[in-house]
Amino acid sequence: MTYPTDGLSWTGLNQLPKWQPVPITALVCGDSITAYYDTGLTLTAPYCVDNRDGTATFYRTSHSLTPGEEFRISGAPEQKFNLMDGVVTQVVSANAFRAKLTGRTTMGTSTTGATMYAPRRRSSRGWLSWVEERMGALFDSTWCATGGAVIAEITDLVTNTELLDAYDYGFVMLGMNDVYEGRTYAQIVADYTELLAKMRQKCRRMVILSISCRNSADANWSAARQAIHIQVNRWLYEYARVNNCIFVDTWRAVANGVTYVDSSATNPDMNAVMAIDNTHPSAVGAKAIGDAEYSAISSDLKVGAWIGAHNEQISTNAGNIFTDSNFATESGGVATSWASSDSTANMNVTPTVAARTVSANGDALGYNQIITLNYGTATGTASTRFRRNNFHASLVAGQQFQVSIPYSLSGAVGLLGVSLELIMSDGTYTYLVYGSSLDSNVDVMTDSRSGVLMTRPITIPSGITDADVWVRIYISSAQSVGNDLVVKMWQPVARMWAE
């Protein structure tokens, strides 16, 4: 779908196909901290091989990609392999795939490997994922974010990207690599000034995030570089204030009852729960930044997630192929057409339903599905699924398709993640689409929260023989007996539209 180049207008809105989510457009600029919005996968040797026919072969053990799937590459041995808009043209094997060497590329290269980002698989380590979950909608984003990037490289990428005339939002979080690779304050400010000028020409609302913390245990850390880090953040704050931009201080972002920065540390290191290493946020850290970001822009967002008060609002006439999404009937505490299944051995899982009420929920439409769980005597990471199977007969090849489900949770003391996963198969390929997929970090989340789980839109392939979707809840042993996690879900929506 080609969106109107003047941003969202009534003329453009009227051109959208029926049931299509109305796009909130964004220009997103950043390094790996931002790029991990999509699940990052490390390529395996020999990484990238030029086939000398305008294509390359990329290597990743068990890549799970399918023909037509988009991907991005950063840190490849040569710039020509750093595809920002890569599309799989051929699956060579479970460990290799091919794509055309065309379109935008990024400048940063490495001889020690490369990272592939998979846009169908939104990651819980992406701060923008948490913003979208709170919004109840996905941004239609132009991505100028890539691992290892410095500001000048992203400016070059923006310069060489065909941009809309006007974006609803511009997001930028950059400078970590500039600071800790030894650039001076003057160099960083000059580079940032050029990039921000380009972004402000295209973005109705600019959102500037401060450079998040860098642990003093990192090999590239020094007191002198830390001083520049703080000075650049203060400059970003002043720039945002003078130019009427939104500023988000990532150091003050809060999750699990603590700020991103450890206020008691000698040096401004991040709290351990916030990061997976000395630089990159864990899911907890990403949630903290995302929540701070959402709070900063929420006054601009006048419309929240679509929630029905009558079944007609969430059924066929509203474009939902799940026609029983009010959960009006159930069996054994599980809503009709759904199942509570795939629970780890020896964990405790109890599904129930409870009537929605105006006082508690704002409407009295049907029921909430409730999953109450704890670790029991399980081993390893424990998980359970609330799933709907075999709805492939309702899908139409060539249409766009997206699933979303509002949820809330409370009682978290050992929560590792909540993921929405769509799986389709045509007998040859398995098509995977994840919303906020669990990352490999082991930090637990302890906050109550609510939002909307969403998959990215996917074009329905021909010949689909199976389609399943589930919400998967992951917990650690900290979610022990007597400490129940309570997850509520309601009004799931699965909609198709013509591209």
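Residue numbers count from 1 along this sequence.
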Exercise. Please assess Arg449 against Glu133 for the test salt bridge (Lys or Arg N to Asp or Glu O under 4.0 Å), listing each intermediate value before the final yes or no.
Key: CA-CA 10 Å; Arg449 69 172 189 260; Glu133 190 169 300; 3.7 Å; yes

Self-check item: Audit row: Trp490, Asp363, side chain to side chain contact (heavy atoms under 4.5 Å, CB included) steps and yes/no
Solution: CA-CA 12 Å; Trp490 59 93; Asp363 65 78; over 6 Å; no

Self-check item: Test ring-ring contact (aromatic ring centres under 6.0 Å, His included) applied to Phe97 and Phe71, step by step
Solution: CA-CA 11 Å; Phe97 62 92; Phe71 66 92; 5.1 Å; yes

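Ring pair Trp235/Tyr239 is tilted by interplanar angle, where 30° to 60° counts as tilted.
Residue Leu485 comes nearest to Ser410 through the heavy atom pair CD1-O, 3.4 Å, listed as atom of the first residue, atom of the second, then distance. The minimum heavy-atom distance linking Ser32 with Tyr117 is given by the pair CB-OH, 4.3 Å. Nearest heavy atoms, Asn220 versus Arg225: O-NH1, 3.0 Å. In this structure, Leu236 and Leu209 approach most closely via the heavy-atom pair CD1-O, 4.2 Å. Of all heavy-atom pairs between Asn82 and Ala76, the closest is OD1-N, 2.9 Å. Met84 approaches Trp143 most closely through the heavy-atom pair CE-O, 3.3 Å.
With respect to Ile151, the side chain to side chain contact (heavy atoms under 4.5 Å, CB included) criterion is satisfied by exactly one of Asp156, Leu174, Asp31: Leu174. Leu432 pairs in a side chain to side chain contact (heavy atoms under 4.5 Å, CB included) with only one of the listed residues (Ile458, Ile423, Leu422, Thr455), which is Ile423.
Donor-acceptor pairing under 3.5 Å is lacking for the side chains of Tyr434 and Thr39. Using modelled atom types and a 3.5 Å distance limit, the side chains of Thr25 and Asp168 yield a donor-acceptor pair. Remark: the Thr106 side chain and the Gln79 side chain contain no N/O donor-acceptor pair separated by less than 3.5 Å. The closest side-chain donor-acceptor pair between Asp277 and Thr279, if any, does not fall under 3.5 angstrom. For the residue pair Thr250 / Ser210, a side-chain donor-acceptor distance below 3.5 Å is found, with atom types taken as modelled. Side chain to side chain, Tyr167 and Arg205 fail the donor-acceptor criterion of an N or O pair below 3.5 Å. In this structure, a donor-acceptor pair under 3.5 Å is absent between the side chains of Gln479 and Tyr474.
Gln491 places a side-chain N or O within 3.5 Å of a backbone atom of Gly308 that can act as its donor or acceptor partner. At least one donor-acceptor pair under 3.5 Å links the side chain of His229 to the backbone N or O of Ser212. Side chain of Asp262 to main chain of Asp269: no donor-acceptor pair is present (N/O by atom type, distance under 3.5 Å, no hydrogens or angles).
Taking the side chain as every heavy atom from C-beta outward, Val433 and Met454 never approach each other to under 4.5 Å. At a threshold of 4.5 Å between non-hydrogen side-chain atoms, the residues Asn233 and Tyr237 do not count as touching. The side-chain heavy atoms of Tyr169 and Ile297, taken from C-beta on, include a pair separated by under 4.5 Å. The shortest distance between side-chain heavy atoms of Thr66 and Arg120 falls below 4.5 Å. Inter-residue side-chain proximity for Val486 and Ile370 is flagged as met; some heavy-atom pair is nearer than 4.5 Å. By the 4.5 Å heavy-atom criterion applied to side chains, Trp251 and Ile230 are counted as neighbours. When side chains are defined from C-beta on, Gln402 counts as touching Leu138, because their heavy atoms get closer than 4.5 Å. Side-chain contact check for Ile154 versus Val172: every heavy-atom pair is 4.5 Å or farther apart.
At most 12 heavy atoms of other shown residues, nucleotides or ligands fall within 6.0 angstrom of atom NZ in Lys100. The environment of CH2 in Trp497 is crowded: more than 12 heavy-atom neighbours from other residues, nucleotides or ligands sit within 6.0 Å. Gln187 CD: more than 12 foreign heavy atoms inside a 6.0 Å radius. Surrounding NZ of Lys202 are more than 12 heavy atoms belonging to other residues, nucleotides or ligands, all under 6.0 Å away.
The pair Glu132-Arg122 counts as a salt bridge, with a side-chain nitrogen and a carboxylate oxygen less than 4.0 angstrom apart.
The CG atom of Asp38 sits 10.5 Å away from the CZ atom of Arg121 when rounded to the nearest 0.5 Å. Taking CG of Asp178 as the reference point, atom OH of Tyr192 lies at 8.0 Å (rounded to 0.5 Å). We find the CZ-CG distance between Arg104 and Asp85 to be 4.0 Å, quoted to the nearest 0.5 Å. Note that CD1 of Ile475 is 8.0 Å distant from CG of Leu416, once rounded to the nearest 0.5 Å.
Here Phe139 and Phe171 bring their ring centres to under 6.0 angstrom of each other.
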